[in-house]
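Here is how names work: the chains are called A, B, and so on, in the same order as the sequence lines, proteins then strands, and each is numbered from 1. Values reported hereafter were calculated over all heavy atoms of this structure, with side chains retained and with hydrogens, waters and symmetry mates removed.
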Protein chains: 2
Amino acid sequence: MPSAKYDQIYDRLREKIENSEYKYQELLPSEHMLVDQFACSRNTVRRAIGKLADEGYVQSIHGKGVRIIYQPYEQAEFMLSGIESLKEAVARNKKEYTTKVICFVELTVDDKISRRTTFPVGTEIYYLQRVRYIEGEALIIDHNYFRRDIVRGLTAQIAEKSVYEYLEDVLGENIVTTKRKMTVERVTEIDSKYLKLKEYNCLAVVSSMTYNGDGIMFEYTQSRHRPDCFVFYDQAQRVK
Amino acid sequence: MPSAKYDQIYDRLREKIENSEYKYQELLPSEHMLVDQFACSRNTVRRAIGKLADEGYVQSIHGKGVRIIYQPYEQAEFMLSGIESLKEAVARNKKEYTTKVICFVELTVDDKISRRTTFPVGTEIYYLQRVRYIEGEALIIDHNYFRRDIVRGLTAQIAEKSVYEYLEDVLGENIVTTKRKMTVERVTEIDSKYLKLKEYNCLAVVSSMTYNGDGIMFEYTQSRHRPDCFVFYDQAQRVK
DNA sequence: GTGTTAAAGTTGTATAAACAAGTGATGCAG
DNA sequence: CTGCATCACTTGTTTATACAACTTTAACAC
């Protein structure tokens, strides 16, 4: 799977930045030099640099150069930025985790669910409640709403492993876009029944809508996290 | 201030999407048609579409078209996505707000502050604590750390209006990149002294680092929000 | 009807070229 | 020394072209 050239250049530059071969606050080699180095056109180099800028590694300065603004995190917690499933996020941080399905039903979207999820009334869905354990502790409750016609054949067994793996490997669907909303909400009865909450009376709540490769929203999920194990990273460019 | 052509095309298309001239789930006109319509090259159109995709308005589907995935929010709260100051965010939602500076000192960064802010030890900074009132209610406490050599001449008077306005209009600095981290933390004594907290024992905390046009980080801020008036939106593309 | 092929239309990647615009250093006139 | 013009180098924008890869439809052979 040889990926696009600009992606290879992006990867190569990102590695060098993460390994501090290119250091914080320094300038990247100029576009002209990178063109020579990678034997490609200027557009291709610029595309790689654009991606680095999008992800907060560098910042271009007109007439001057491209400054490296990446600083390694001292990540005590695992990162949740970008689109990655909980399983991926945990694996990357080498933690052990399990999932328990505490509710699995098939529903038709009514008015109330429609307002929450934006699925049209009448859509056939799976509704799941899942508890996520990390290193044996119950930290997260997920409320998942999946479109049945896209996530067809979903079972509780699959949902205890990874729905996304099933989608991509078995059904050949691929996830492209996710929109998320972060809030903080009061603990509910379900929360305190299943999560070890310590003395917190609030939870970090991430509501997300996920779209497949055809631009169809097939998932609405509300993820309720115990506050002390929740971090959310974000990076933004000013549009000017 | 005639902006770039791709930006004009982006604006034009965004308006049409927001006004539902192009509707949710429909396909945009093909790139070829947009080239004719806007009398420009395909690259320029593609750049505008790329920006729309970045912001969650559309999603490209190879060989097929560009699908519109924008749905208007029923925004009860104001949005905090992208980079905008609290003042801009509130103005856009037509709410009245004020700021009170409860602490304004000049400091030199020591080891402890350096670990928190990533400013090097010895950096000269302003440290501020500010309470933000929206519609008369104290909702947010900001802890600001500004580099004195960049935000030169800052006063409490300015900080009660808008530091960013001062930076951009008076000092000619412009803000380009912001990195943020979202967490939920227990209420501190300072929090409960200044904020009307109801029965929450947690706060939504946004820690941010902001870079100026030269790629120099000049601000570290921790913003502590009362949970019931906090929302954070995000949009991500899967990298594949 | 079924399955295959072909064609047309779409987005994705890459190259090349030209000019605009900002930065910094150099050298020169005063 | 000061101020100004110039020049080399940088990133930013736009156009044009070619080909690759994917989707859908239509035509065709069987």
Side-chain angles (χ1 to χ4, degrees), chain A residues 1-11 13 22 26-54 57-69 172-174 176-177 211-216 237-240, chain B residues 1-11 13 22 26-54 57-69 172-174 176-177 211-216 237-240:
Chain A
M1 61 204 76
S3 59
K5 195 184 265 190
Y6 74 87
D7 242 355
Q8 296 172 22
I9 297 172
Y10 160 81
D11 280 333
L13 294 175
Y22 298 140
E26 282 181 1
L27 297 181
L28 228 51
S30 75
E31 294 175 357
H32 179 64
M33 288 169 68
L34 291 173
V35 162
D36 288 348
Q37 188 177 324
F38 290 105
C40 66
S41 72
R42 193 174 153 221
N43 267 355
T44 304
V45 160
R46 282 181 64 76
R47 195 150 170 201
I49 292 173
K51 198 169 165 186
L52 288 170
D54 280 344
Y57 285 97
V58 302
Q59 177 178 312
S60 291
I61 309 165
H62 193 174
K64 216 167 169 188
V66 177
R67 176 149 288 148
I68 290 140
I69 59 173
E173 292 280 352
N174 51 332
V176 175
T177 305
Y211 296 74
N212 71 0
D214 288 328
I216 307 295
Q237 310 285 324
R238 183 148 201 140
V239 278
K240 181 176 60 174
Chain B
M1 57 207 79
S3 58
K5 195 184 264 189
Y6 73 86
D7 243 354
Q8 296 171 24
I9 297 172
Y10 160 81
D11 280 335
L13 293 176
Y22 298 139
E26 283 181 359
L27 297 181
L28 228 51
S30 74
E31 293 175 357
H32 179 65
M33 287 169 68
L34 292 173
V35 163
D36 288 349
Q37 189 177 323
F38 290 106
C40 66
S41 72
R42 192 173 153 223
N43 266 354
T44 303
V45 161
R46 282 181 64 76
R47 194 150 173 199
I49 292 174
K51 198 169 165 185
L52 289 171
D54 280 344
Y57 286 97
V58 302
Q59 177 179 311
S60 291
I61 309 166
H62 193 174
K64 215 167 166 185
V66 177
R67 175 149 289 148
I68 290 141
I69 59 171
E173 292 279 352
N174 50 333
V176 174
T177 305
Y211 296 74
N212 72 359
D214 288 326
I216 307 292
Q237 309 287 324
R238 182 149 202 137
V239 276
K240 184 174 56 176

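The residue among A:G63 and A:R42 whose nearest nucleotide of DNA chain C lies closer to the 5′ end is A:R42. When each of A:I61 and B:L28 is assigned the nucleotide of DNA chain C bearing its nearest heavy atom, the one mapping closer to the 5' terminus is B:L28.
Here A:K64 does not reach the OP1 or OP2 of D:dC9: none of its side-chain N or O atoms lies under 4.0 Å away. Checking the phosphate oxygens (OP1, OP2) of C:dT10, a side-chain nitrogen or oxygen of B:S30 falls inside 4.0 Å. Residue B:T44 places at least one side-chain N or O closer than 4.0 Å to OP1 or OP2 of D:dT15. Side-chain nitrogen and oxygen atoms of A:R46 include at least one within less than 4.0 Å of the OP1 or OP2 phosphate oxygen of D:dG12.
What separates CG of B:L27 from P of C:dT11 is a distance of 8 Å, to the nearest Å. Rounded to whole Å, atom C1' of C:dA14 lies 11 Å from atom OH of A:Y6. C:dG12 atom C1' lies 11 Å from atom CG of B:N43, rounded to whole Å. Here C:dT11 presents its P atom at 14 Å from CD of B:Q59, a figure rounded to the nearest Å. Rounding to whole angstrom units, CG of residue A:D36 and P of C:dT15 are separated by 13 Å. To the nearest angstrom, C1' of C:dT10 lies 13 Å from CZ of B:R67.
For the pair B:Q37 and B:V45, the minimum side-chain heavy-atom distance is 4.5 Å or more.
Backbone-only contact: A:R47 has heavy atoms under 4.0 Å from sugar-phosphate atoms and none from a base. Within 4.0 Å (heavy atoms only), A:I49 reaches no atom of the nucleic acid at all.
Across A:T44, A:L34, A:I49, a single residue satisfies side-chain contact (heavy atoms from CB on, under 4.5 Å) together with A:I9, and that is A:T44.
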